[in-house]
Colleague: 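I'd like to ask some things about the structure below.
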Amino acid sequence: MVKLICFLKRNPKLSREAFHEHWLNVHGALFSETPEFSQYIARYEQNHRLDAHYLHDPEDGEFDKQGADGVTVIWYHSLAAFQAMAKDPIYLSKVVPDEKYLLGDAPKHWILTGAEDTIIDKPSART
């Protein structure tokens, strides 16, 4: 198992609301409604930034100083599956252009990881 963890910062041309709506209902659907991707992906997660957390952005309102809008985590069956999907014609023709729309030209911040080291498994385990 290989995980792609990517911090997403929206295209500055999109409002927060437009970004989150498109990411969930359009971009997410590109993955869930493309059966060919199941040969590569075991799990796809979207983690949307809380509205309340946007209050922590700098008050000067400069877009470049604002934080990420969300985190996506994609679980691939293997590193080879990740590499194959990056070359898949369906991915290149559907997902890549939509990523450009969502994220613009900003640098992408992502990492590939292996299996996690679980420190606490259940919230009730802490009490």
Colleague: If we ignore angles and hydrogens, is there a donor and acceptor under 3.5 Å between the side chains of Y40 and Q83?
Modeller: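 Distance-only check fails for Y40 and Q83.
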Colleague: When you compare the side chain of R49 with that of F19, does any pair of heavy atoms fall below 4.5 Å?
Modeller: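 The answer is no, as the side chains (C-beta and beyond) never meet within the 4.5 Å cut-off.
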Colleague: Is the shortest side-chain heavy-atom distance between I41 and W75 below 4.5 Å?
Modeller: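 No, side chains not in contact.
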Colleague: Does Y76 belong to the same Ile/Leu/Val/Met/Phe/Trp/Tyr cluster as M1, with side-chain heavy atoms less than 4.5 Å apart forming each link?
Modeller: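 No, no single cluster joins them.
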Colleague: Give a yes or no answer on whether the side chain of T72 reaches the backbone of Q46 with a donor-acceptor pair at less than 3.5 Å.
Modeller: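 No, because the side chain of T72 does not come within donor-acceptor range (under 3.5 Å) of the backbone of Q46.
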Colleague: Taking the side chain from S78 and the backbone from A81, do they hold a donor-acceptor pair closer than 3.5 Å?
Modeller: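 Between the backbone of A81 and the side chain of S78 there is a qualifying donor-acceptor contact (under 3.5 Å).
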Colleague: Verify, without hydrogens or angle tests, whether R10 (side chain) and D69 (backbone) share a donor-acceptor contact under 3.5 angstrom.
Modeller: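 Absent.
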Colleague: Taking D121's backbone N and O only, do any of them form a donor-acceptor pair with T118's side chain (distance below 3.5 Å, no angle check)?
Modeller: no
Colleague: Taking all heavy atoms of S38 and all of H77, pick out the closest pair and write down the distance.
Modeller: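 That would be O-NE2, 3.1 Å.
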Colleague: Do the side chains of L4 and V73 get nearer than 4.5 Å, heavy atoms only?
Modeller: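 Side chain of V73 against side chain of L4, heavy atoms only: no contact under 4.5 Å found.
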Colleague: Can you tell me how far the CZ atom of R16 sits from the NE2 atom of H48, to the nearest 0.5 Å?
Modeller: 14.0 Å
Colleague: Under 3.5 Å, sequence neighbours excluded: what are the donor-acceptor pairs made by side chains of residues 103-115?
Modeller:
from: D105; atom 1: OD1; to: K100; atom 2: NZ; distance (Å): 2.1
from: K108; atom 1: NZ; to: G104; atom 2: O; distance (Å): 3.3
from: K108; atom 1: NZ; to: A106; atom 2: O; distance (Å): 2.7

Colleague: Which residues pass the ring pair (Phe, Tyr, Trp, His ring centres under 6.0 Å) test with Y44, sequence neighbours left out?
Modeller: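 Ring pair (Phe, Tyr, Trp, His ring centres under 6.0 Å) check on Y44 returns F31.
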Colleague: Under a plain distance cut-off of 3.5 Å, with no hydrogens placed, do N11 and Y101 share a side-chain donor-acceptor pair?
Modeller: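 Not at all, the side chains of Y101 and N11 share no donor-acceptor pair under 3.5 Å.
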Colleague: Side chains of residues 23-30: which donor-acceptor pairs under 3.5 Å do they make with residues two or more places apart or in other chains?
Modeller:
from: N25; atom 1: ND2; to: E21; atom 2: O; distance (Å): 3.3
from: N25; atom 1: ND2; to: E21; atom 2: OE2; distance (Å): 3.2
from: H27; atom 1: ND1; to: D98; atom 2: OD2; distance (Å): 2.7

Colleague: State, yes or no, whether a side-chain contact exists between I74 and F82 at a heavy-atom distance under 4.5 Å.
Modeller: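 No; the side chains remain at least 4.5 Å from each other.
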Colleague: Tell me whether Y91 is reachable from V2 by hopping between hydrophobic residues (I, L, V, M, F, W, Y) whose side-chain heavy atoms are closer than 4.5 Å.
Modeller: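 Linked, V2 and Y91 end up in one cluster.
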Colleague: Can you give me the closest heavy-atom contact between A18 and S15, atom names plus distance?
Modeller: N-OG, 3.0 Å
Colleague: Does any part of the side chain of L102, heavy atoms only, come nearer than 4.5 Å to the side chain of H22, both counted from C-beta?
Modeller: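 Contact flag for H22/L102 side chains = yes.
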